[in-house]
Amino acid sequence: MAGVLARDIRKTFGDTHAVDGISLTVADGEFMVLLGPSGCGKTTLLRIICGLEQQTSGDLMIGGQLVNEMPPRARGVAMMFQSYGLYPHYTVRKNIAFPLRTTRVPSDVIDKKVQWASQLLGIDHLLDRRPRQLSGGERQRVALARALVREPTALLLDEPLSNLDAKLRASARQDIKQFQQRIGVTTIYVTHDQVEAMGMGDRIAVIDHGRIRQLGTPAEIYDDPADMFVATFVGAPPMNLITNNSGYLGFRPENFLPKEMIDDGEFTEFSFRVDRSEYLGAERIVYGTIDGVESKQLITAKLPPAHVPEESIRPGEWHPYAVRNHALRRFDKDGKRVSRH
Ligand code: ATP
């Protein structure tokens, strides 16, 4: 196992600054998520770490060793792509064993390693099948087993769950997180899905336009976003942002409540004009506008449905709403966080 250190990594493709000065330390055994919108540079950074792409400048260290010039194989990292890339004519057993084929590992050791990786991922009963005889989730596990069989110093995963349906994704998130903790392999996981990032990452690097906007634990990213990009990229619906005297005031939809629901502490009151609502089972999302302020999008409140029954939502009506002061976040006119209160 080994940590990964990136120092001022840059990668340009013609005029495109795909990675624009990223410095990042991933601790030994850490689960780091690279989160960002399409085209922000996260896949390029991952490809640079595994050696499939050469950085334009900057240093990369794996396990304390400078690997800038080292070919992918010598780096000892394993990468798993979104497409899995399984060989259709090989059995699961042969697919998993594939990375060991070209090494001088004796066949009985290969068998043991395949057994270990397939047991770890709960696919040891599928070893004689071919990929087309597997479900999407099983294929994903085979690809993971193949990545693990070389016992990599670091595991690099590029959107590994994007081919799975919603239900399978939820269980696969759990599976990946659990086996990662069990074997303690340093993991860098690329996704644009904030639920995956929040649910799996020890820390998250939020990336935009080739730069890290914020690096922190899921709670830090969610509760204390460093800027308005992070505030609106993480959280669904995103943080509400309204113009303030000298910048912006932000608050999460679940902290924007009918005033009668707030019975303690200091709060700030707003007059909220309800527009429409969506019933989502466990919660109701109420959309509207706030009197006297500007906002780029509709303001949202996320409420327990029992507190706002359908018949109480009358479009166009004004209601007193409020946010506890400790839940308010301030941003300057450039969108950078100012202070917690
Ligand atoms: P996605 O989530 O869509 O995969 P990403 O965040 O992984 O996106 P990258 O694939 O790293 O983004 O791409 C970052 C930027 O670099 C994009 O603007 C992309 O068009 C550009 N880019 C990536 N690879 C190349 C290439 N080989 N040649 C030219 N431009 C490239």
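Every number for a ligand or one of its atoms is a count from 1 in the order of the listing.
- Selection from Lys42, Arg47, His192, His209 by nearest heavy atom to atom 2 (O) of ligand 1 gives Lys42.
- A cation-pi arrangement is present between Lys11 and Phe13, with the terminal nitrogen or guanidinium carbon under 6.0 Å from the aromatic centre and inside a 45° cone about the axis.
- Here Asp275 contributes atom CG and Tyr287 contributes atom OH; the two are 10.5 Å apart, rounded to the nearest 0.5 Å.
- Counting protein heavy atoms only, atom 13 (O) of ligand 1 is closest to Thr44 OG1, 3.7 Å.
- For ligand 1, the polar-atom distance check finds no N/O of Phe13 at less than 3.5 Å from any of the ligand's N/O atoms.
- The protein heavy atom nearest to atom 14 (C) of ligand 1 is Gly39 O, 3.4 Å.
- Within a 4.0 Å radius of atom 22 (N) of ligand 1, the protein has at least one heavy atom.
- Set against the non-hydrogen atoms of Thr16, the atoms of ligand 1 under 4.0 Å away are 16 (O), 18 (O).
- Among Gly36, Ala18, Cys40, the residue whose heavy atom lies nearest to atom 16 (O) of ligand 1 is Ala18.
- The shortest distance between side-chain heavy atoms of Arg211 and His17 does not fall below 4.5 Å.
- Among protein heavy atoms, the minimum distance from atom 3 (O) of ligand 1 is reached at Ser38 OG, 2.6 Å.
- Defined by atom type and a distance below 3.5 Å, a donor-acceptor pair is present between the side-chain atoms of Ser277 and Arg284.
- In summary, the atoms of ligand 1 found under 4.0 Å from a heavy atom of Pro37, numbered by their order in the structure, are 6 (O).
- Side-chain contact between Asp108 and Ile110 is absent, with no heavy-atom pair separated by less than 4.5 Å.
- Side chains of Gln115 and Asp124: no donor on one and acceptor on the other come within 3.5 Å.
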side-chain contact (heavy atoms from CB on, under 4.5 Å) evaluation trace for Arg337 with Asp227 | CA-CA 5 Å; Arg337 186 187 53 212; Asp227 59 28; over 6 Å; no
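- Residue Glu159 approaches ligand 1 through these ligand atoms, each under 4.0 Å from one of its heavy atoms: 2 (O).
- A 6.0 Å sphere centred on CD of Gln54 holds more than 12 heavy atoms belonging to other residues, nucleotides or ligands.
- The protein atom (non-hydrogen) at minimum distance from atom 7 (O) of ligand 1 is Thr43 OG1, 2.6 Å.
- Distance check on atom 19 (C) of ligand 1: every protein heavy atom falls at or beyond the 4.0 Å cut-off.
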